[in-house]
Structure formats: structure tokens, C-alpha cells
Amino acid sequence: MKKAYHPQKIERKWQKEWERRGIFRTKDNSKKPKKYILVEFPYPSGAGLHLGHCRPYVALDILAIKKRMEGFNVLFPMGWDAFGLPTENYAIKTGIPPEKVTKRNTRIFKQQMKRIGLSFDWSREITTSDPSYYKWTQWIFLQLFKHGMAYKKRIPINWCPSCKIGLANEEVVNGRCERCGTKVVRKEKEQWMLRITKYAERLISDLDKVDFPERVKTLERDWIGKSEGHEVEFQLFGLEQSITVFTSRLDTIFGASFLVLSPEHPAFPTILQTGKIKNRKAVEAYIERAKNKLERERLEKTAEKTGVEIEGIKAVNPANNELMPVFVADYVLAHYGTGAIMGVPAHDERDFDFARQFNLPLKEVISNPSEKSHFGFYLSDGRYSKPYTGEGILIHSGRFDGLESPKARGRIFEFLKQKGKARKAVHYKLRDWVFSRQRYWGEPIPLIYCPKCGWVPVPEKDLPVKLPKIKNYKPTSTGESPLAKVKEWVETKCPKCGGPARRETDVMPNWAGSNWYYLRYCDPKNNKELASFKKLRYWMPVDWYNGGMEHTTLHLLYSRFIFKFLWDIGVVPKSIGPEPYKKRTSHGMVLGEGGIKMSKSKGNVINPNDVIDEFGADTLRVYEMFMGPFEQAIAWDTKGVRGVHRFLQKVWAICTQELSFVDASKKYATLRALEVLLHKTIKKVSDDIEQMKFNTAVSALMEFCNEWSRLQNNQAALAHTGQKKRGVLSKRDIGKFLKILLPFAPHMAEELWHLLGYRSSIFKSKWPRYNQLIIKEEKVNVVVQVNGKKRAILEMPRGSSQKEVEKAALQNPKVRKWVSKGNIKKKIFVADKILNIVIR
RNA sequence: GCCCGGGUGGCGGAAUGGCAGACGCGCAGGACUCAAAAUCCUGUCCUGGCAACAGGGUGUGGGUUCAACUCCCACCCCGGGCACCA
């Protein structure tokens, strides 16, 4: 009867069987409530699936399985984010077309995912590089273009000289190209931009509507960087021109002792031509130098500031009409605020550093309420130490003296507003999104340039604009896309006037396809629209979206933006609401043995295939869930894998043993103690899965099996029934156990389920419910403390009163001994938990 | 510098005011074996003790409480993000 555990055999068998029966196929029309469970789709790299991928996949698979058994219609899809540089670079090296490589890689990924027994609905598989998919990515771009959300702009971009590609700010890490590590240089280029800044406010405020981890929300908020303040106009003395600055500290305006313009400030050509400037050459030279500096270099030294005074002009402080010098300095950024600031050296670190460098006067106007004397920034030798940047009470600010910072801002604003010199303003750190890449392996931007008509969108009926087949994938040395070399593709007719015109040769960045893929899963085969309203209304929003923390300010933010845009223009039903994802969670990385990152160069990469070959997919799954808290990075430990494998072998052994009793005598009840534990375990596993506390869910399963095994072996436990040998768990209860094991180790659970005699798949069964009464009926351990120190543990019936517990406690010799050392002063009782006797 | 996490045995971790160290790994001893592996059993925070037991113990210092890994204040260390954003 006893069969040995052979994971390889049963796993293959069931994977085939599940596929044959179409068990994980999701139906669109169902009366059941829906759950859309989504895990970020991978970039199918040549290296194949790795252990880090498996963790979130298994976790969300567990959720999907449980939700199905709880009666939900679950959408749990998978696809491929296939456009991207590694595949293109591989094509450059080998000449193999990227689509061919992509096909091969996705085949490998898919086969690996199937080996893990993940319950994806493969009938909805999508590939972002597939023309039937990117047709709609291009279509979305056209909508952006038509609504003025996409525009072309000559901007200094981050240029990677090695990849020959423009990079988004997010792709530059420490001044180096994220992919190849080459130092990024500055280069001016015409680029397509998306106006994500238009959505800055809503991207922040709608975070209140979703269930994201607080750290994710904070990260997005900080990245968008909202700052509320005022714009103030400073007249240039004797000139028509005035300079507007942005400040969030209007309360410090009486302390402003100079004005600084960024080198790119638009007022410069005009100012320089007034003839008033005495050092025009020096100013021009400084501006020129700043232009060639990489932004990164400008930011490198924080304390040492450079700049040049624009001699011959002064600005008028609108608060007190004092004249102040004007500088150009590159510590002021052109793209933030108004590109100009008022320098308040006493209350701003950067202005302070600058003033020290240029020996500018410093005027304290905010007194620090927590310090008694002012001028905390003077050292004993009379030099400054540091500015006070906090809020406080105004001094040296005329009639605003004595006001607190927030109130002062309001009053000063009123005062300046009356003079027409100030207005409220909000600025964001977020910048528009550079959306072109001078590359091949991406979605062609569906626009045509006509010398007569300008940029003309490709008519929707002509979509998709397919990538032409080419031989040489290398970008041109001028940094143009390799597509620029394909004459017969580039040269076309203007859709508007029919005259000769040229196609845009830039392609979209690799984030384009993932902006909206979750919509496509709802209706993946639709060739009339990106997804039908009916299906979107049923499935959207995504109920649970898991992905990497590293995508928080990239993919997550981008896709929220694109969704909002589509929602605004009515491409998706209004009923979904303004956010695509209801709930977001993040997994921790899987590190190599010893806690270092797994990488090819370190040679510590572990292939999931090898783990499955040796231990089976169920072991891999259970171990990935057991290894540590889901959201935390954790090191792989082969010895730990063996431990989990041991556990599964044990489960197999106990279950098959128990099955022999089921056969022998059809009817017997579960031992009471085990029944109680079973129900507790069902509760624990159910709750823990919801909270993604998979590690403790597994340990609860282990504890149950330890007890089950102990009772099974315990002859005394069997003897009192009068029978020589009998089981300890009824058939029904074995089934319940298998159901809670199922999400973690589906193959084993299904096999044992069938050995138990069931014909239909365990996936079709209902998630077990625990019985509140059974859990509560057991006895509880009540701790008796004397002066807060544990002195005894009493086993009491649940719900025992204080009196009952006290009586039992005082009968206990140990408690008696300790209590007798003084007089009882106080007794604290928490039902079913503790009795603390305080003596003196 | 600022903003988030986090600090518990030899290791991964459990316990979110109520028995610190669940579960697993490792280690030690034992059983089986000619032997090894595998498997099974027992033990495993530190100190003293043959033991019962007593005392100490969750980064450091203080506080609140009958009771603190858990809450509050200050500090130290580690990880991540942002960083001249006015």
C-alpha cells in the first residue's frame, strides 16, 4: 500500500492533466464575484527564469488558488514584457532577429513556469512585442498625441556613448548608464515627451484611494515632490524686466539679500542686451561653461558653489524695497520652479554656502524658538557656522515682526498681492517623461513628418506600424535609430496631403507596453479595440497587484498615469474609477547563498530547474514561501530546501499511512485533540495567506503534521479505543488538510486527494472553513505571575473566571510559596491568558 | 543631509502589551547499518546546580505599565530611496 514519494512522476502527470482538463481557464461571463490577481510579467531574458521570479509567482498563485476555492471567478494571467535592450544587444552581436530570440526565450520561460505548477490562464498570454499587441500601444500613443499629451522638444538628454541611446533620468544611476555602466554625457536631441506632469497632482492625491504599502506611497509622493509656495516678482532696478522667483518660505523674504538666476534662465538674452551690464563677457562665459557641464557634475559638490555677479544691475526686494545684487549660478536649476530664486543666506543652507563664498551680507529674520539667543550661526571668531532653516518667529521684518512663520507667510502674501507682486504657486519635482529611444527593438512611434503639414498621425486603420525586418541592428553613429537606414520604410506619403513624407524612426521606451497590459488581459484577442467595455467593466480594477519595489517610481507611476489618461478620454469605463490597481504588494529579492546578490559574474546563480530536478516543484514552492517574510530580501539556503523536502516526505508518509486506515475501516472519527488543531491550522493558514505571511502559514502546516505524526505513532493514544490500530484523522479531515496544503504543494495535494478516493480535481473543491466552536472548546494555559514573574502555568477550561483561576493558583504550591513572601496588594486578571498577583 | 525600513540564539526567523526564541536549518548524543548516506528518536538562549530550581537575557541609555521584543523619549549601528527641487 505504501508508495514512496516521487515528485517528478506525480508533478509531470498532474501538470499534463490540469492542462488537458483546462482547470485554470478563466471564463468572462460568470455570476461569481470576480478577483483580478496580477503579478508583474517578466522580461524574457536569455538567462531563463530565476529563483527571484518564482517567489512572487508562487505567492500570488497561492492567493489565486485560494480565491478560486472560495468561490471567486479569478483572473490570473501571465505574459511577456518583451521589448528591451538585452535582446537588441544580443541581436547586434549575433545578427539573430530579436523576435526570434524573444520567441525562444518566452518558450523557455513558459515551460519553466509550467514546471512550477503555476495556475496561470495561458489562453490569455500576451507578448508586448507582438504586432497584434503593440498595435494598441501605438494607438494609445496616437491618443496622447491628439490630446496634446505628447510633444517633441529639443532637450539636453542623458546620452550613453556606448549604447548610443538617450536615457530617461530614471535610467541613469549615479551618473552612469543603468544597463552598461558607461558614464553618461549631455547631448541635445529632439525627443518625444509625455506630459506626465499634468497628472502630478492627481498621481499624488489619488494615492488616498488605493491600498498600497505606506512606503510605496511615500516613495511616489517624494518622487513627484509637490511643493506649495509663492511666486514673487522682483523688479530689476531701472529696467522693464522683472524676475519671478518661487519660494516656499515667503516668511523669510525680508532676509533676502541677493537674487540668483540659473544659467539657462530665459531672461538672459534680453538682460544681456540692455547694455547696462558691466561684465557681460564673464557672465556669458559662465553660462557657456554651465551648459556643457553634465547636470550630474553640477550637483556633485554641494558646499562649494560657483557663480558670477551680473554687475550693473540690481533687483528690488518687493517687501522692503531694498536693492540687492543679482547673480547667475548653476546651483539654481532651470527646470524647477521659475529657474530663479531669492537668496536668504540666514535661513537656507545653499544660500548660506553661496553667501559665504561671495562674502554676501546675512540677515536673520526668523528666530529659532528653541534657542535663547539669536545669531546662532556666528562662530566665536565672527564667522558663520550654519543657518537656521526651521520655522520660528519673525524679526527684522518690519510690521510682520512677532508673527509665526505660517501666519507670516499669509500676511506677507496679502501685502505683496495687493502690490501685484505675488501669487500662490505649486511646483513639482516630477518632470515630463522622455518617451523616444533611438533604437530598433521597440514600438515604432506611429507618426509621419510632412514638410507641409508637420507631424501627422498614422491613420488608425493603418496600425500597427510594424517594425521592418533589418540586418544591422546597430544605431547610427549620429545616434539615430537603425530604422533611419531603412529607406523604403522611412519614405512614405503624408496621410493628410499625400505629398512625400518621412516616418518617425524613434521607438518607444521599454515601459510603453507595460503601461496598459493589465487592460489587455481582460480581452486579449480583441482586434477592434484595446479591450471591450463589457469585459473591462467586469474585470477592472486589478484587485491585487504584486511587483518589485524597484518599479515604484517607474512602471507603477507610469502605468497609473496612462490609465488616468485613458480614463479621462473615455477609452476605459468610468465605473472602474481613476486608479487601475486597488491593492499593491511587493516581494523581497532572493539573494544568493550567504546574502550576496545572485549574478552570473559571481557564479552563484541557482537555476530553478535544478532545484525541481532534485527535489520537485512542490519543494521549491514551499521553500520559497517558508524561507522568510515575503516582503523581505532573503538568502537562498540549500540546506533549508532539504528541510522543506523532508517535511513534504513526512507529509507523504503520514498521509499514505493514514489512507491505509481509511481503507480498512471506513468510519472513524478524528481524535479530538487533532481535530482542534486542524481547525486552528485552517484558521491560521487562511488568515496568513491573506496577509502574505506565508512563512508562518507553512510553519503552521508543519506543526500540524508533527502532531499528527506524533499521535499516529502514539500507541497509548490508540490503545484506549480498544482497537489495536486505527487512524487518527477521518477521511473528511484528511481532505481538509490537503486543501490547505494545496496552494503550497499542489501536485502532492492533488495526488493524495485522488488516492483518498476523489475523482474530480481538488482545485474544484471548496476552501475549508474552520469551526469557531471546536477551536474554542479546548483548554487554555493560564500563566500565573507573582510580581510580573512567571511562577506557574495552569491548564484551565477556556473562559474560566478570575475566581476559579485564583482558587487554582493558590492551590499551586509554587504560587503559594511566592505569594507567602508578602501581602497581596493587587490582582490583575486577563481571561484565558494571565493572572498577575502583586505582593509587597 | 532628508525620508522610509530594520536590529531577537551559531543561522533564517516566530511572538505587536500578557509563557521570548514557534517552525526550520545547523550542531551534539542515540537507534538502524559491516560502514556511509538517507531515515527515525532525544537534546540544544546564557550563568550556577546532579537535579528540582534560581538568576540573567530581544542594539544602547532612560521612561510609561501589575506586565515591554512590542508603547514613548534620546542615542548607536545596518539596509534601501532621494539628494543644491528653493
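Note on naming: letters A, B, ... go to the chains in the order of the sequence lines (proteins, then strands), and numbering restarts at 1 for each one. These numbers come from the heavy atoms of this one structure, side chains and all, not from hydrogens, waters or symmetry mates.
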Output the single nucleotide from C19(B), A86(B), G18(B) whose closest atom is nearest the side chain of Leu333(A). A86(B)
Parallel, tilted or perpendicular: which one describes the rings of His555(A) and His551(A), with boundaries at 30° and 60°? perpendicular
Pair up each side-chain donor or acceptor in residues 817-824 of chain A with any protein partner under 3.5 Å, not counting sequence neighbours, and list the distances.
from, atom 1, to, atom 2, distance (Å)
Ser820(A), OG, Arg816(A), O, 3.3
Ser820(A), OG, Lys817(A), O, 2.7

Hey, what are the protein-to-nucleotides 66-73 of chain B N/O distances that come in under 3.5 Å?
from, atom 1, to, atom 2, distance (Å)
C66(B), OP1, Lys826(A), NZ, 3.2
C66(B), O2', Asn836(A), ND2, 3.2
C66(B), O2, Asn836(A), ND2, 2.6

Below 4.0 angstrom from OP1 or OP2 of G24(B), is there any side-chain N or O of Asn706(A)? yes
Taking the six-membered ring for Trp, is the centroid-to-centroid distance between Phe354(A) and Phe258(A) below 6.0 Å? yes
Would you kindly say whether Thr681(A) and Glu703(A) are connected by a side-chain donor-acceptor distance under 3.5 Å? no
When you measure from the side chain of Met702(A), which nucleotide among C82(B), C23(B), A86(B) comes out closest? C23(B)
When the C1' atoms of A74(B) and G56(B) are compared, how many Å lie between them, rounded to an integer? 26 Å
List the steps, then state whether side chain to side chain contact (heavy atoms under 4.5 Å, CB included) holds for Ser800(A) with Val782(A). CA-CA 10 Å; Ser800(A) 298; Val782(A) 177; over 6 Å; no
Which nucleotide in A86(B), C19(B), G24(B) has an atom nearest any side-chain atom of Asn781(A): C19(B)
I'd like to compare against my own output: the B/S/- annotation of nucleotides 1-15 of chain B with a strict under-4.0 Å heavy-atom distance to protein. --SS-------BSSS
Will you find, in the side chains of Arg423(A) and His230(A), an N or O donor that is under 3.5 Å from an N or O acceptor? no
Given Ile224(A) and Leu557(A), is the side chain to side chain contact (heavy atoms under 4.5 Å, CB included) satisfied, shown in steps? CA-CA 10 Å; Ile224(A) 298 167; Leu557(A) 191 68; 4.0 Å; yes
Report, as a single string ordered 5' to 3', how protein heavy atoms within less than 4.0 Å touch nucleotides 47-59 of chain B: B base, S sugar-phosphate only, - not at all. ------SSSS---
Would you please enumerate the stems RNA chain B participates in, each stem being three or more consecutive Watson-Crick or G-U wobble pairs with both distances under 3.5 Å? B:1-7 with B:76-82, B:10-12 with B:23-25, B:26-31 with B:39-44, B:45-48 with B:53-56, B:59-63 with B:71-75
Contacts under 3.5 Å, N or O only, protein and nucleotides 25-29 of chain B:
from, atom 1, to, atom 2, distance (Å)
C25(B), OP1, Arg646(A), NE, 3.1
C25(B), OP1, Arg646(A), NH2, 2.8
G26(B), OP2, Arg646(A), NH2, 3.3

Report which part of the nucleic acid Leu219(A) touches: base, sugar-phosphate, or nothing (heavy-atom distance under 4.0 Å, all strands). sugar-phosphate
Cation over ring face, Lys305(A) and Tyr331(A), 6.0 Å, 45°: yes
Same-atom distance (C1') from U60(B) to C78(B), integer angstrom: 15 Å
